[in-house]
Trainee: 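Here you go, one structure.
Convention: sequence-line order gives letters A, B, ...; per-chain numbering from 1.
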Number of protein chains: 2
Amino acid sequence: MSDTAGPSRRREETRRRLLEAAAEVFAEVGMDAASVEVICDRAGFTRGAFYSNFASKDELFFALVGLVAQERVRSVADRVAALEADGALDMTADNVVEVVSRVLEIGPEDRLGVLLFNEIRIHALRAPELAAAYLEQDTAILDSVARLVDDIVAGKDIRFRLEPRAVARLLMTVWESTSVRGVMAGLPPAELARHTGEELGRVAAALIER
Amino acid sequence: MSDTAGPSRRREETRRRLLEAAAEVFAEVGMDAASVEVICDRAGFTRGAFYSNFASKDELFFALVGLVAQERVRSVADRVAALEADGALDMTADNVVEVVSRVLEIGPEDRLGVLLFNEIRIHALRAPELAAAYLEQDTAILDSVARLVDDIVAGKDIRFRLEPRAVARLLMTVWESTSVRGVMAGLPPAELARHTGEELGRVAAALIER
DNA sequence: GTCTATAGGAAGATAGAC
DNA sequence: GTCTATCTTCCTATAGAC
């Protein structure tokens, strides 16, 4: 019964390994320069197995974009929920900075994550179907962060100089651009996270009404 | 004498047309997916002419990156110089917003410009030589904008809540991310420029001490 | 300087064995 | 389900004519 209902466990595992390998290769050399064969080698399969699981390289890419988007949205939502549950929102203006940088430690903090994120972004700039998916996840993350900002503001003595949504947008933007420049400068992972966190903190602090 | 000194006028013109066509094609489909043949067709030449002017597609891309970077830096520097010469810096807090959005109308405001800029960016993320060039132009533009912010502050009753360089960085970052989302949403050129300008204005306003 | 012709290779995708 | 073998297409780069 469990066999007729859906794809077998083995098949799922193969798909997963192929997607994982593809994420690496796409990040490293880009979707267009990535050959199906290299992806298969990395995953420990041959092209036959690949085409038994995906109709084309494009289909694999689309599937991967969906997964990455879902994962990012979930990751941020989880952090926000955790902060809210912790009661960490009883804060002073001083540790807003800390909270902010903690939430925005979104998925791609490592070099490959930043690369994959940007690879997806440029393909979304060119393909309308991808653009829709990209903007959707972007909005979902924005919503999460904006809600957190909203919660921070509500009933506290902290006020921002922009509406919550604009604050959230700015933080996301700073996170993204700082991490890109960090990767480009060749910062090691620890430095990358620290530097991005500091930048976020400075901007958040400047936006707090005092 | 004019012939022995350097490349002929005709040759320069061919190079220029090839570079121009390449900029379009790279923006549209990306450097890896762009074939030399399509670039040549677009420029009105054949591959023979191409390889007489460039050793490889990579060399063409590097040359193009250099040109684009140079052009961007010059464009921003010119605008800043023009504003300083105009005495447009005698301003009140109210029109800082206007000035800011005027300066940051940097080159790529159209769809293709944004695409090309992002294409260059992701290649710079992967190739250290390109990364150095990218960071260099980024810093040069940052310097220009920071100087402008500095001039605005000096001797006026306007003060920002961040140091000039941080303000400049934030404005560049907002410009970049807003234009990307605008292109992705399919905004027509006029809307794209207007929307980006408004966003920049809002952020600038929030950073002015009052 | 630019063209045509072509060598040489790489990669996407399919068919059929196991 | 996965593998090997193969078809086919496309592309980079070169050589030599004009």
Trainee: Return the value, rounded to whole Å, for the distance between atom CZ of A:F45 and atom C1' of C:dA13.
Mentor: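 So the two atoms are 19 Å apart, to the nearest Å.
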Trainee: Distance check needed: C:dA10 C1' versus B:D32 CG, whole Å only.
Mentor: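 The distance from CG of B:D32 to C1' of C:dA10 comes to 14 Å, rounded to the nearest Å.
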Trainee: Give one of base, sugar-phosphate or nothing for A:R11, where a contact means two heavy atoms less than 4.0 Å apart.
Mentor: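 Touches sugar-phosphate only.
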Trainee: Counting the atoms with a prime plus P, OP1 and OP2 as sugar-phosphate, which does A:T46 contact under 4.0 Å by heavy atoms, base, sugar-phosphate, or nothing?
Mentor: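 Base: the residue A:T46, judged by heavy atoms under 4.0 Å, touches a nucleobase.
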Trainee: Any salt bridge between A:D78 and A:R74, counting N to O under 4.0 Å?
Mentor: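 Result for this pair is yes, salt bridge flagged.
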Trainee: Would you mind classifying the nucleic acid contact of A:A34 as base, sugar-phosphate or nothing, using non-hydrogen atoms under 4.0 angstrom?
Mentor: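 Sugar-phosphate contact only.
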Trainee: What's the closest nucleotide to the A:N53 side chain, out of C:dC3, D:dT2, D:dA13?
Mentor: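 For A:N53, the side-chain atoms sit closest to D:dT2.
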Trainee: Does a salt bridge link A:R126 with B:E119, judged by any charged N lying under 4.0 Å from a carboxylate O?
Mentor: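 B:E119 and A:R126: salt-bridged.
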Trainee: Would one find a side-chain N or O of A:T14 under 4.0 angstrom from OP1 or OP2 of D:dT2?
Mentor: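 Checking A:T14 against D:dT2: at least one side-chain N or O falls below 4.0 Å of OP1 or OP2.
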Trainee: State, yes or no, whether a side-chain contact exists between A:P128 and B:M184 at a heavy-atom distance under 4.5 Å.
Mentor: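 No, too far: nothing below the 4.5 Å cut-off.
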Trainee: Using a cut-off of less than 4.0 Å, is there contact between a side-chain N or O of B:S56 and OP1 or OP2 of D:dT12?
Mentor: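 For B:S56, the contact criterion (side-chain N or O under 4.0 Å from OP1 or OP2 of D:dT12) is not met.
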Trainee: Could you check how far CD of B:E37 sits from P of C:dT4, rounded to whole Å?
Mentor: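 Rounded to whole Å, this separation is 11 Å.
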Trainee: Base, sugar-phosphate or nothing for A:R10? Non-hydrogen atoms, less than 4.0 Å.
Mentor: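 Contact class for A:R10: sugar-phosphate only.
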Trainee: In whole Å, I'd like the distance from the NZ atom of B:K57 to the C1' atom of D:dC11.
Mentor: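 One finds 8 Å between C1' of D:dC11 and NZ of B:K57, rounded.
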Trainee: Grab the CD-P distance between B:E59 and D:dT14 for me, whole Å please.
Mentor: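 Computing the B:E59:CD to D:dT14:P distance gives 12 Å.
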Trainee: So what does A:S52 touch, heavy atoms closer than 4.0 Å: a base, only the sugar-phosphate, or nothing?
Mentor: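 Base: the residue A:S52, judged by heavy atoms under 4.0 Å, touches a nucleobase.
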Trainee: Once you round it to whole Å, what is the distance between P of D:dA15 and CZ of B:R47?
Mentor: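 About 15 Å, once rounded to whole Å.
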Trainee: In this structure, how many angstroms lie between the P atom of C:dT14 and the CZ atom of A:F50, rounded?
Mentor: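 Whole-Å distance recorded here is 11 Å.
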Trainee: C:dG1 phosphate, OP1 or OP2: any side-chain N/O from B:S8 under 4.0 angstrom?
Mentor: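 B:S8 to C:dG1 OP1/OP2: side-chain N or O found under 4.0 Å.
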Trainee: Look at the side chain of B:R11 and the backbone N and O of B:S52, then say whether any donor-acceptor pair between them is shorter than 3.5 Å.
Mentor: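 Yes, B:R11 side chain to B:S52 backbone: donor-acceptor pair under 3.5 Å.
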Trainee: Name the closest nucleotide to the B:V36 side chain, picking from D:dT12, C:dT2, D:dT2.
Mentor: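 Of all the options, the side chain of B:V36 is nearest to D:dT12.
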Trainee: When B:L187 is tested against each of B:R194, B:H195, B:R111 for side chain to side chain contact (heavy atoms under 4.5 Å, CB included), which residue passes?
Mentor: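 So, applying the side chain to side chain contact (heavy atoms under 4.5 Å, CB included) to B:L187 and each of B:R194, B:H195, B:R111, only B:H195 qualifies.
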Trainee: Between B:Y51 and D:dT14, is there a contact of a side-chain N or O with OP1 or OP2 at under 4.0 Å?
Mentor: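 The answer is no; no side-chain N or O of B:Y51 sits under 4.0 Å from OP1 or OP2.
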Trainee: Once you round it to whole Å, what is the distance between P of D:dT2 and CG of A:D41?
Mentor: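 So the CG-P distance, A:D41 to D:dT2, works out to 16 Å.
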